[in-house]
Amino acid sequence: MSTWKRTVSCGVISLPEVGQEVVLNGWVHRQRDFGDLVFIDLRDRTGLIQVVVDASVTPGLVALANSIRSEYVLSVKGTVRQRREGTHNANLFTGEIEIEASSIDVLNTAKTLPFVLADEENMRLVDETLRVKYRYLDLRRPKMYQMLELRHKATKQIRDYMSTQGFLEIETPIFTKSTPEGARDYLVPYRLDPGMFYALPQSPQQYKQLLMVAGCERYFQIARCFRDESQRADRLPEFTQLDVEMSFVDQEDVLNIIEGMTIDVVSALSKKQLPTPFPRLTYDESMRRYGNDKPDIRFGLELIDLEEVASQAEFSVFQQALAEGGQVKAVRYPGGASLSRREVDDLQKFCKEFGAKGLATVSVTSVEPVEVKSAIAKFLTEEQMARLLTLSEAAAGDLICIIADPKPKTVANVLSRLRNEIGSRCGLRDPNVLAFCLVTDFPLVQWDEETGKWDAEHHPFTMPHESHLAYFDTDPGKIRAQCYDLVCNGQESGSGSIRIHRPDIQSRVFQLLGIDDERQKERFGHILEAFSYGAPPHGGFATGIDRLIMNLLDEPNIREVIAFPKVGFGYDPLMDSPSSVDAEQLKELGLAIIPHKKKATTETETATEAE
RNA sequence: GCGGGUGUAGCUCAGUGGUCAGAGUGCCUGCCUGUCACGCAGGAAGCCGCGGGUUCAAGUCCCGUCAUCCGCGCCA
């Protein structure tokens, strides 16, 4: 029988255990060495505890204690005792007790680490790539294993909730089929028939619909998804979603599950305010009021339509925008009148980054009587300016930010970003609130100006509202679909739809998307055939697990909530992947590599580039 | 593909074209019986990301390049 095995974990011992003989296992968090008196903070997954080696008690142990360094792996045998008066540490759960060591086993030594785990303040600044390279060390930090624990609890909570609602967790393949529509696929070469490829799933979309045809009725999965697209702070090429599909349901049934699951998980794991029921708004309403389909509803400052004033003002920028079918809209910046000239210029620059041609501002000194500073004041009569202030619900000290553009999309995009920026600056985006909402009735398709084709807004199996079927021939852009997003604090956190189960409607959608019979058969033949054997009405959704954890922890960086994340461009500094492979492997797969132009200096080589 | 930031000791950072290779921390050595970011003394530690250029002189200025972070495009 081994004597080094733990009898109890470090972080859970307190006064009631005083007097007990214990064995602890863990890592040396810090060591404080006074020569004949040594303190060792021992750390395991549950927390920290202070171990004391005292020469007057165990003279034979001091030399060993002196030699112990950070991150050594120890087994400590000793007695739990109350700390002396005045030496309690209120920062530790175990701060009222300590372990008087009777023996210490060094189970393993450790080299000096590339960063100091115990210095949490500095760890927040350490280069991320270095932390990811040494992730197995970084994960030793309390903050990190607390994150892992929360993530575990969240997925467990989800599984429990879905189970109680009658859902079955079913795994679907990772090697699947490329679907060129949508995001770029990750491809896996097929050795037995060179030139053929599997693709990694962008989501288990088709499999879950096939499970409905199979009669599963209620499916869910905590599913890994892969999309070969550029990263953002909240986006990695490899991520996890809760994937759900249900049969014999309408949109309302699905929304109730989304909402119920979200409330169940968030309220179990977070103390943040969670306004319920989740407000619902249509896509059109969201675009009108907030300028995007993922509104941050923690604050107001809704967009203001100034067409009424702009159409009368003798200002060519406004007139032209409206004449070309555009819009003139604004957002109010509370207290923005105090911005310096330079700060207003920066706002203008901000707007131009997102495609605005300019930004008109009205700095409000007084509303009654009307007193403003504005470059556009000379184009407006006093009545028009007064009306503008009324429409904007302006108060003294505000800055009204106006965007005019022939493209409503540009107006919406710029103002929604400006609104969020103003919300941040004014401290209106309360971090203690998780403001979920459901956005419904998305357009079925969107016109792609580059390709000159209609594109599916969600995916080709999304069911249009039946009352909109007539628009297929007249104005496809007007078709609204049974399609919905879950939004949290201005971020898309999930989406789904009711699927088409009627072949006649499916073929009209394919026709609209310009996917001809041959291509349908090639890409979707399997699922269309499946639908022909009796597909039940069905629908579902998927929500991002990573983003959920980010929201629970107030963490803006997705890599902070993943055990082993990739860094920029999908690089993994820990494994040093992606990596080259043996020529033999390539040969077996029938692959030949065209050298990348990167380091080639000659100008002719670009001719071979595909993109 | 594009725009912006960063790159100097293991880590985090400072550094006016001219005694300029610096600080804090970590590391090593010594002393220390109540610390908990222990303290004190001493020491080691550098391709100033890489390659060109300007200059009498470059960590500092210019050009290029690489890496990384943030954003845009992209992400049915």
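In what follows, chains carry the letters A, B, and so on, assigned in the order in which the sequence lines appear, proteins first and then strands, with residues in each chain numbered from 1.
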What is the distance, rounded to the nearest whole Å, between atom CD of A:Gln446 and atom C1' of B:C74? 14 Å
Base-pairing assignment for B:U65 (Watson-Crick or G-U wobble, both under 3.5 Å): B:G49
Which word best sums up how the rings of A:Phe524 and A:Phe510 line up, parallel for under 30°, tilted for 30 to 60°, or perpendicular for over 60°? parallel
Under 6.0 Å between ring centres: does that hold for A:Phe239 and A:Phe226? no
Under 4.0 angstrom, heavy atoms only, what part of the nucleic acid is A:Thr94 near: base, sugar-phosphate, or nothing? nothing
G-U wobble or Watson-Crick pairing nucleotide for B:G22 (cut-off 3.5 Å, both distances): B:C13
What interatomic distance, in whole Å, is found between C1' of B:C62 and the corresponding atom of B:A58? 11 Å
Footprint string (nucleotides 29-37 of chain B, 5' to 3'): B base within contact, S backbone only, - free, heavy atoms under 4.0 Å: S--BBBBBS
P gap between B:G4 and B:A45, integer Å: 40 Å
In whole Å, what is the span from the OH atom of A:Tyr134 to the P atom of B:G10? 12 Å
I want to confirm an ordering. Mapping A:Ala183 and A:Asn122 to their closest nucleotides on RNA chain B, which one lands closer to the 5' end? A:Asn122
Distance check needed: B:C75 P versus A:His459 NE2, whole Å only. 16 Å
Which label fits A:His468 and A:Tyr471: parallel for a plane angle under 30°, tilted from 30 to 60°, or perpendicular past 60°? perpendicular
When the P atoms of B:C38 and B:G26 are considered, how many whole Å apart are they? 8 Å
Please report the C-alpha distance between A:Gln206 and A:His526 in whole Å, then the side-chain angles of each, then the deciding distance to 0.1 Å, and finally whether the side-chain hydrogen bond (donor to acceptor under 3.5 Å, both in side chains) criterion is met. CA-CA 10 Å; A:Gln206 293 193 33; A:His526 49 283; 2.7 Å; yes
Under 6.0 Å from the NZ atom of A:Lys177, do we count more than 12 heavy atoms belonging to anything else shown? yes
With sugar-phosphate meaning primed atoms plus P, OP1 and OP2, does A:Glu457 contact a base, only sugar-phosphate, or nothing at under 4.0 Å between heavy atoms? sugar-phosphate
With side-chain hydrogen bond (donor to acceptor under 3.5 Å, both in side chains) as the test, would you mind laying out the steps for A:Ser286 and A:Asp293 before giving the verdict? CA-CA 6 Å; A:Ser286 184; A:Asp293 57 10; over 6 Å; no
Could you measure between the two C1' atoms, the one in B:A41 and the one in B:A67, and give it in whole Å? 41 Å
Taking B:A9 as the reference, what is the distance to B:C66 when you measure between their C1' atoms (whole Å, please)? 22 Å
Between protein and nucleotides 68-73 of chain B, map the contacts as a letter string: B base, S sugar-phosphate only, - none, heavy atoms under 4.0 Å, written 5' to 3'. SSSSBB
Value in whole Å for how far the C1' atom of B:C11 lies from CG of A:Leu137: 13 Å
Check every strand shown and say whether A:Leu513 touches a base, only sugar-phosphate, or nothing at a heavy-atom separation below 4.0 Å. nothing
Quote, to the nearest angstrom, the P distance that separates B:G3 from B:G64. 11 Å
Please report the C-alpha distance between A:Asp296 and A:Asn489 in whole Å, then the side-chain angles of each, then the deciding distance to 0.1 Å, and finally whether the side-chain hydrogen bond (donor to acceptor under 3.5 Å, both in side chains) criterion is met. CA-CA 5 Å; A:Asp296 189 337; A:Asn489 291 359; 5.9 Å; no
Find out whether A:Val52 and A:Arg81 are in side-chain contact, i.e. whether some heavy atom of one side chain is under 4.5 Å from a heavy atom of the other. yes
Electrostatic pair A:Lys143:A:Glu120 at N-O distance under 4.0 angstrom: no
Verify, without hydrogens or angle tests, whether A:Arg43 (side chain) and A:Gly47 (backbone) share a donor-acceptor contact under 3.5 angstrom. no
What integer number of Å spans the P atoms of B:C11 and B:G49? 13 Å
How far, in whole Å, is B:C70 from B:A57 if one measures between their C1' atoms? 37 Å
A:Gln31 CD to B:G39 C1', straight-line distance once rounded to whole Å: 14 Å
